[in-house]
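Notes for the one structure printed next.
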Amino acid sequence: MAKKWYVIHTYSGYENKVKTNLLHRIESMGMQNKIFDVFIPKEMVTDLKTGGRKVTTEKKVFPGYILVQMELDDDSWYVVRNTPGVTGFVGAQAKPVALSREEFNRIARRMEAGAKPKTSTDFVEGMAVKVTSGPLAEFDGIIAEVNPDQGKIKVMVSIFGRETPVELGFDQVSKL
(Lines give C-alpha, C1' and ligand atoms only; values in the text may rest on other atoms or scores of the structure.)
Protein backbone atom coordinates (compact mmCIF):
# COMPACT_ATOMS: atom_id res chain seq x y z
CA MET A 1 0.00 0.00 0.00
CA ALA A 2 1.19 3.49 -0.82
CA LYS A 3 1.25 6.28 1.72
CA LYS A 4 -0.99 9.16 0.67
CA TRP A 5 -2.23 12.44 2.10
CA TYR A 6 -5.80 12.58 3.42
CA VAL A 7 -7.76 15.61 4.59
CA ILE A 8 -9.28 15.32 8.05
CA HIS A 9 -12.13 17.58 9.23
CA THR A 10 -11.84 18.87 12.81
CA TYR A 11 -13.63 21.35 15.00
CA SER A 12 -12.46 24.78 13.86
CA GLY A 13 -9.91 26.23 16.26
CA TYR A 14 -8.92 22.78 17.57
CA GLU A 15 -6.50 21.83 14.76
CA ASN A 16 -3.38 22.00 16.98
CA LYS A 17 -5.08 20.02 19.77
CA VAL A 18 -6.23 17.36 17.27
CA LYS A 19 -2.70 17.13 15.83
CA THR A 20 -1.27 16.62 19.35
CA ASN A 21 -3.96 14.04 20.21
CA LEU A 22 -3.39 12.17 16.95
CA LEU A 23 0.40 12.09 17.40
CA HIS A 24 -0.06 10.65 20.92
CA ARG A 25 -2.52 8.03 19.63
CA ILE A 26 -0.16 7.02 16.80
CA GLU A 27 2.62 6.47 19.34
CA SER A 28 0.53 4.74 22.01
CA MET A 29 -1.16 2.42 19.50
CA GLY A 30 2.06 1.62 17.59
CA MET A 31 0.80 3.02 14.26
CA GLN A 32 4.07 4.70 13.16
CA ASN A 33 4.34 2.19 10.30
CA LYS A 34 0.91 3.23 8.90
CA ILE A 35 0.44 6.89 9.88
CA PHE A 36 3.51 8.94 8.98
CA ASP A 37 2.84 12.67 9.27
CA VAL A 38 0.26 15.18 10.49
CA PHE A 39 0.32 18.62 8.87
CA ILE A 40 -1.59 21.87 9.47
CA PRO A 41 -1.18 24.16 6.42
CA LYS A 42 -0.34 27.71 7.57
CA GLU A 43 0.82 30.91 5.87
CA MET A 44 2.05 34.32 6.97
CA VAL A 45 -0.50 37.13 6.56
CA THR A 46 0.28 40.82 7.01
CA ASP A 47 -2.73 42.77 8.26
CA LEU A 48 -2.68 46.49 7.62
CA LYS A 49 -4.34 48.22 10.52
CA THR A 50 -5.74 51.73 10.65
CA GLY A 51 -2.91 54.23 10.87
CA GLY A 52 -0.67 52.20 8.54
CA ARG A 53 0.49 49.75 11.22
CA LYS A 54 1.45 46.32 9.83
CA VAL A 55 0.91 43.18 11.90
CA THR A 56 2.23 39.88 10.52
CA THR A 57 0.67 36.70 11.90
CA GLU A 58 0.57 33.03 11.00
CA LYS A 59 -2.89 31.91 9.89
CA LYS A 60 -4.29 28.51 9.03
CA VAL A 61 -4.93 28.16 5.29
CA PHE A 62 -7.85 25.75 5.85
CA PRO A 63 -9.38 26.36 9.28
CA GLY A 64 -11.06 23.19 10.53
CA TYR A 65 -8.88 20.84 8.44
CA ILE A 66 -5.58 19.01 8.88
CA LEU A 67 -3.64 16.74 6.52
CA VAL A 68 -2.55 13.23 7.50
CA GLN A 69 -0.08 11.12 5.52
CA MET A 70 -0.95 7.47 5.97
CA GLU A 71 -1.51 4.06 4.44
CA LEU A 72 -5.27 3.71 4.59
CA ASP A 73 -6.58 0.46 6.04
CA ASP A 74 -9.17 -0.38 8.68
CA ASP A 75 -6.71 0.03 11.57
CA SER A 76 -5.24 3.40 10.52
CA TRP A 77 -8.72 4.68 9.58
CA TYR A 78 -10.00 3.69 13.05
CA VAL A 79 -7.11 5.41 14.88
CA VAL A 80 -7.58 8.70 13.00
CA ARG A 81 -11.39 8.65 12.92
CA ASN A 82 -11.68 8.07 16.68
CA THR A 83 -9.19 10.75 17.73
CA PRO A 84 -10.89 13.37 19.93
CA GLY A 85 -11.78 16.45 17.84
CA VAL A 86 -11.83 14.63 14.49
CA THR A 87 -15.26 14.85 12.87
CA GLY A 88 -14.38 12.77 9.82
CA PHE A 89 -12.41 12.37 6.63
CA VAL A 90 -13.06 14.54 3.58
CA GLY A 91 -14.48 12.38 0.81
CA ALA A 92 -17.00 9.59 0.65
CA GLN A 93 -18.24 8.29 4.01
CA ALA A 94 -17.35 4.67 3.19
CA LYS A 95 -13.89 5.37 1.71
CA PRO A 96 -11.89 8.60 2.20
CA VAL A 97 -10.41 10.16 -0.93
CA ALA A 98 -6.67 10.92 -0.95
CA LEU A 99 -5.24 14.21 -2.23
CA SER A 100 -3.61 13.96 -5.63
CA ARG A 101 0.14 14.63 -5.77
CA GLU A 102 -0.61 17.93 -7.62
CA GLU A 103 -3.06 19.09 -4.92
CA PHE A 104 -0.59 18.36 -2.15
CA ASN A 105 2.27 20.06 -4.04
CA ARG A 106 0.12 23.18 -4.55
CA ILE A 107 -0.57 23.34 -0.79
CA ALA A 108 3.11 22.72 0.05
CA ARG A 109 4.27 25.50 -2.33
CA ARG A 110 1.95 27.91 -0.54
CA MET A 111 3.72 27.06 2.74
CA GLU A 112 7.30 27.41 1.44
CA ALA A 113 9.63 29.45 3.58
CA GLY A 114 10.36 32.83 2.12
CA ALA A 115 6.97 33.08 0.45
CA LYS A 116 5.84 36.70 0.44
CA PRO A 117 3.27 37.23 3.20
CA LYS A 118 -0.27 37.76 1.99
CA THR A 119 -1.57 41.20 2.85
CA SER A 120 -5.03 41.93 4.17
CA THR A 121 -6.68 45.09 5.39
CA ASP A 122 -9.95 46.18 6.92
CA PHE A 123 -10.49 48.84 4.22
CA VAL A 124 -13.11 47.82 1.63
CA GLU A 125 -14.57 49.38 -1.50
CA GLY A 126 -17.52 51.66 -0.80
CA MET A 127 -16.31 52.53 2.73
CA ALA A 128 -16.45 56.19 3.78
CA VAL A 129 -13.09 57.58 4.92
CA LYS A 130 -11.53 60.90 5.99
CA VAL A 131 -8.19 61.96 4.55
CA THR A 132 -5.89 62.61 7.53
CA SER A 133 -2.71 63.91 5.89
CA GLY A 134 -1.43 65.50 2.70
CA PRO A 135 -2.89 68.35 0.64
CA LEU A 136 -6.43 66.91 0.91
CA ALA A 137 -6.41 66.51 4.70
CA GLU A 138 -9.89 66.82 6.27
CA PHE A 139 -11.66 65.89 2.99
CA ASP A 140 -14.10 62.97 3.14
CA GLY A 141 -14.38 60.38 0.39
CA ILE A 142 -15.50 56.92 -0.62
CA ILE A 143 -13.02 54.11 -1.32
CA ALA A 144 -13.21 53.10 -4.99
CA GLU A 145 -10.33 50.62 -5.05
CA VAL A 146 -8.13 48.80 -2.52
CA ASN A 147 -4.60 47.57 -3.34
CA PRO A 148 -3.35 45.82 -0.17
CA ASP A 149 -0.06 44.62 -1.71
CA GLN A 150 1.03 48.21 -2.33
CA GLY A 151 -0.65 49.60 0.80
CA LYS A 152 -2.67 52.05 -1.28
CA ILE A 153 -6.32 52.88 -1.85
CA LYS A 154 -8.09 54.97 -4.46
CA VAL A 155 -10.55 57.39 -2.83
CA MET A 156 -13.20 59.41 -4.68
CA VAL A 157 -13.00 62.89 -3.13
CA SER A 158 -15.44 65.68 -4.00
CA ILE A 159 -13.37 68.71 -5.04
CA PHE A 160 -15.22 71.80 -6.35
CA GLY A 161 -18.37 69.72 -6.77
CA ARG A 162 -16.65 67.01 -8.88
CA GLU A 163 -15.70 63.48 -7.86
CA THR A 164 -11.93 63.14 -8.25
CA PRO A 165 -9.98 59.88 -7.77
CA VAL A 166 -7.02 60.27 -5.40
CA GLU A 167 -4.48 57.54 -4.63
CA LEU A 168 -3.52 57.50 -0.95
CA GLY A 169 -1.60 55.27 1.44
CA PHE A 170 -3.46 53.36 4.17
CA ASP A 171 -1.75 55.64 6.69
CA GLN A 172 -3.27 58.77 5.09
CA VAL A 173 -6.91 57.90 5.78
CA SER A 174 -9.12 56.91 8.70
CA LYS A 175 -12.54 55.30 8.80
CA LEU A 176 -15.53 57.54 9.36
Side-chain angles (χ1 to χ4, degrees), residues 4-22 37-69 85-91 96-176:
K4 295 184 178 182
W5 287 97
Y6 293 88
V7 181
I8 309 301
H9 188 258
T10 68
Y11 296 116
S12 190
Y14 288 86
E15 299 87 355
N16 293 331
K17 184 82 172 140
V18 170
K19 178 180 180 177
T20 303
N21 287 342
L22 184 54
D37 198 4
V38 181
F39 177 59
I40 302 171
K42 296 178 183 178
E43 66 185 348
M44 297 307 289
V45 176
T46 301
D47 289 320
L48 297 165
K49 302 294 182 186
T50 312
R53 214 168 34 97
K54 290 184 178 183
V55 178
T56 302
T57 55
E58 189 175 63
K59 297 225 171 138
K60 294 174 183 81
V61 177
F62 309 113
Y65 296 92
I66 62 175
L67 304 179
V68 178
Q69 186 183 38
V86 171
T87 58
F89 281 82
V90 172
V97 179
L99 287 175
S100 69
R101 172 63 46 203
E102 294 78 35
E103 287 173 315
F104 181 78
N105 287 342
R106 198 170 342 136
I107 292 168
R109 273 195 304 275
R110 198 167 168 181
M111 308 303 109
E112 283 175 4
K116 185 173 175 275
K118 248 176 57 177
T119 306
S120 70
T121 178
D122 46 3
F123 290 117
V124 292
E125 289 181 21
M127 179 185 281
V129 293
K130 177 183 276 308
V131 180
T132 58
S133 66
L136 299 174
E138 300 306 312
F139 275 81
D140 293 344
I142 303 292
I143 297 175
E145 197 176 300
V146 179
N147 189 339
D149 293 331
Q150 294 179 345
K152 301 212 178 277
I153 56 176
K154 192 175 284 181
V155 179
M156 299 303 285
V157 178
S158 182
I159 302 174
F160 304 121
R162 284 186 38 210
E163 290 289 310
T164 306
V166 181
E167 189 171 271
L168 300 165
F170 289 151
D171 59 341
Q172 293 180 282
V173 296
S174 66
K175 293 180 190 177
L176 282 179

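The residues of the chain are indexed from 1 along the displayed sequence.
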Next item on the list: Sequence neighbours left out, what passes side-chain contact (heavy atoms from CB on, under 4.5 Å) with Phe62? Give chain and number order.
Entry: Pro41, Tyr65, Ile107
Check: Looking at Leu22, Asn21, Leu67, Ile8, which hits side chain to side chain contact (heavy atoms under 4.5 Å, CB included) with Val38?
Finding: Leu22
Next item on the list: Report the C-alpha distance between Lys42 and Lys59 in whole Å, list the side-chain angles of each, state the deciding distance to 0.1 Å, and finish with yes or no for side chain to side chain contact (heavy atoms under 4.5 Å, CB included).
Entry: CA-CA 5 Å; Lys42 296 178 183 178; Lys59 297 225 171 138; over 6 Å; no
Next item on the list: Dump the intermediate steps for side chain to side chain contact (heavy atoms under 4.5 Å, CB included) on Tyr11 and Val18, then the final yes or no.
Entry: CA-CA 9 Å; Tyr11 296 116; Val18 170; over 6 Å; no
Notebook entry, point to check: Which atoms form the tightest heavy-atom contact between Ser158 and Phe139, and what is the distance?
Noted result: O-CE2, 3.6 Å
Checklist line | Phe123 and Lys175: CA distance, side-chain angles, deciding distance, side chain to side chain contact (heavy atoms under 4.5 Å, CB included) verdict | finding: CA-CA 8 Å; Phe123 290 117; Lys175 293 180 190 177; 4.2 Å; yes
Checklist line | Contact summary for Pro63 and Lys60, nearest pair of heavy atoms | finding: CD-O, 3.8 Å
Next item on the list: Of all the heavy-atom pairs spanning Thr132 and Asp171, show the shortest one and how long it is.
Entry: OG1-O, 3.8 Å
Next item on the list: Indicate yes or no for a side-chain donor-acceptor contact from Thr10 to the backbone of Gly85 under 3.5 Å, with no hydrogens or angles considered.
Entry: no
Note to self: Among residues at least two apart in sequence or on other chains, which ones pass side-chain contact (heavy atoms from CB on, under 4.5 Å) with Glu103?
What the structure shows: Leu99, Ser100, Arg106
Item checked: Separation between CD of Glu15 and OG1 of Thr20, rounded to the nearest 0.5 Å -> 11.5 Å
Margin query: Please determine whether the number of non-hydrogen atoms from other residues, nucleotides or ligands lying under 6.0 Å from atom OH of Tyr14 exceeds 12.
Written below: no
Note to self: Is there a side chain to side chain contact (heavy atoms under 4.5 Å, CB included) between Asp140 and Leu176? Walk through the geometry before answering.
What the structure shows: CA-CA 8 Å; Asp140 293 344; Leu176 282 179; 3.9 Å; yes
Next item on the list: May I have all residue pairs that pass salt bridge (Lys or Arg N to Asp or Glu O under 4.0 Å) and include part of residues 154-169, sequence neighbours excluded?
Entry: Glu145-Lys154
Check: Which heavy atom in Met156 sits nearest to a heavy atom in Ala144, and how many Å separate them?
Finding: CG-CB, 3.7 Å
Item checked: Where Lys4 and Tyr6 come nearest, the two heavy atoms and their spacing -> O-CD1, 3.5 Å
